[in-house]
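Let me begin by presenting the structure, written as structure tokens, before commenting on it.
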Amino acid sequence: MLWLAIFFLLAVLPVWVSYSGELPPFRGFLEELGVALGFIGLSLFGLQFLFSGRIAQVAPAFGVDNIVQFHKEIGVIAILFALAHPVFMLIADTSYISFFDPGENLPRAISLILASIGMIGLLLTSLWRLTFGLSYEVWRLLHGVLGGLVLFIGVAHSIQVGHYLNPLWKIIFLAVLFLAYGSLLIHTRLVRPFRNRKNPYEISEVKPKRDDTYTLVMKAVNGSRLDFEPGQFVWITIHDQPFSLQQHPFSISSSKMDTSIAITAKRLGDFTNTWKNLKTGQRAFLEGPFGSFTLKDKPCVLIMGGIGITPAISMLRTLADQLDQRKCILIYGNENEQKIPFKEDLEKLKNKISLEVIHVLEKPGENWKGEEGLIDERLIISKLPEEKNDFDYFICGPSPMMDVAELTLRKAGVSWENIYAERFDLA
Amino acid sequence: MIKLMHMEKHRKILYITIKRLADLIGLLLLALAMMFATRIIPW
């Protein structure tokens, strides 16, 4: 609630400051509403840069997928407010069309047209990235450039018009506020990679696993590996320099106690397709860790599907290394026996910790004696421990499986506080 | 908003809560914008 209150206050701050003190004469409701919406839209737009900042203090409290979703929702509202600004101004007084007239003021017209196109572009490419066939890297670059451009033009426009920004201190206040927002983007995309260049990693092993899955094992060149909690993820750049468009989030699959760090992924996209050809010694840069999908003190039920198991593997390996004998139940769905990533690793882990593994196969072979079909309500209910709320529940896998698992756990009376689920499709 | 139309039947409650929260913030800000526009506030 505190973060929400701060967010709301920051959203209102520019319009509040602009409307304080002595005000210019009233120009009619629609025109004034257009101005207020413009200020609030710009403010919300600036606040979006907080989300790009991957702020370590905020992210763990909410979970990254929830923050990304909030960013999307508020981003749409910000753009609608900002676009409503010229619409209302034009409805109130059509002579405002001159703002878009290159004959009257060329730089102003170009920048406002650019900002309008930029906002529509941001909206469309973010909501329908895949429909437009944009790769993640191109989209990420476009998102940053368009976002920065629109914010810059928006602030410049409000200062240039300056109707509500007299005396000078209001302009200085707004400029400083929005400079701070903009600097978050610069920090994430430039300063952080720049600092990160001093902590390179080296790929020490590329391990092929079952079903087109690969594990990258990396060692910190300087010996100081980043510290993480099992279940968290890192942003990885595989390049000689940290400044690369290729930065992707991946769950860590190794134990917290290992000196090296490993991530595992299935060949699904352009980026993961290149993994099998990676050579040992290749430089990589890691940023993180992030995520609140982490093991607490309680015993746990892990409901996993396919390659979604990687954070759970990190948890289980860490428990084994720490000789932690808390009870863990893993309900693990896969298509068939040949496609179970980490099958052998799970067998070994069963001997080291108090782990019960329930494999659920969609299309099992003839000799399969375990569970068949999809992970559904019946299966989950039948495997739940008696003292349901003494356990933490971690869910990761395909979206429909996660929906069923969450809904079933809630129906069974498991408290939301005990359910951890992280979904993101950024990679 | 737009994404609501594409939502699966059994979306997690948290997801909907965030959506409603964002919409609520949007509505509150719209109301505030109107108040600023009519100059009811600042006092």
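What's counted below: heavy atoms across the whole structure, side chains too, no hydrogens, waters or symmetry copies. Everything quoted here is computed from the prediction, not taken from an experiment.
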For B:R20, all residues meeting salt bridge (charged side-chain N to carboxylate O under 4.0 Å, His left out), sequence neighbours excluded |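 In terms of salt bridge (charged side-chain N to carboxylate O under 4.0 Å, His left out), with neighbours along the sequence ignored, B:R20 is linked to no residue.
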In terms of ring plane angle, is the pair A:F39 and A:Y19 parallel, tilted or perpendicular, where the classes change at 30° and 60°?
-> perpendicular
Side chains of A:T125 and A:H143: donor-acceptor distance under 3.5 Å anywhere?
-> no
Quick one: what part of [X] sits under 4.5 Å from any heavy atom of chain B, side chain, backbone, both or neither?
X: A:V15; result: both
X: A:F88; result: neither
X: A:L44; result: side chain
X: A:I40; result: side chain

Does the cation-pi check pass for A:K388 over A:Y393, that is, NZ or CZ under 6.0 Å from the six-membered ring centre and within 45° of its axis?
->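 So A:K388 doesn't make the cation-pi contact.
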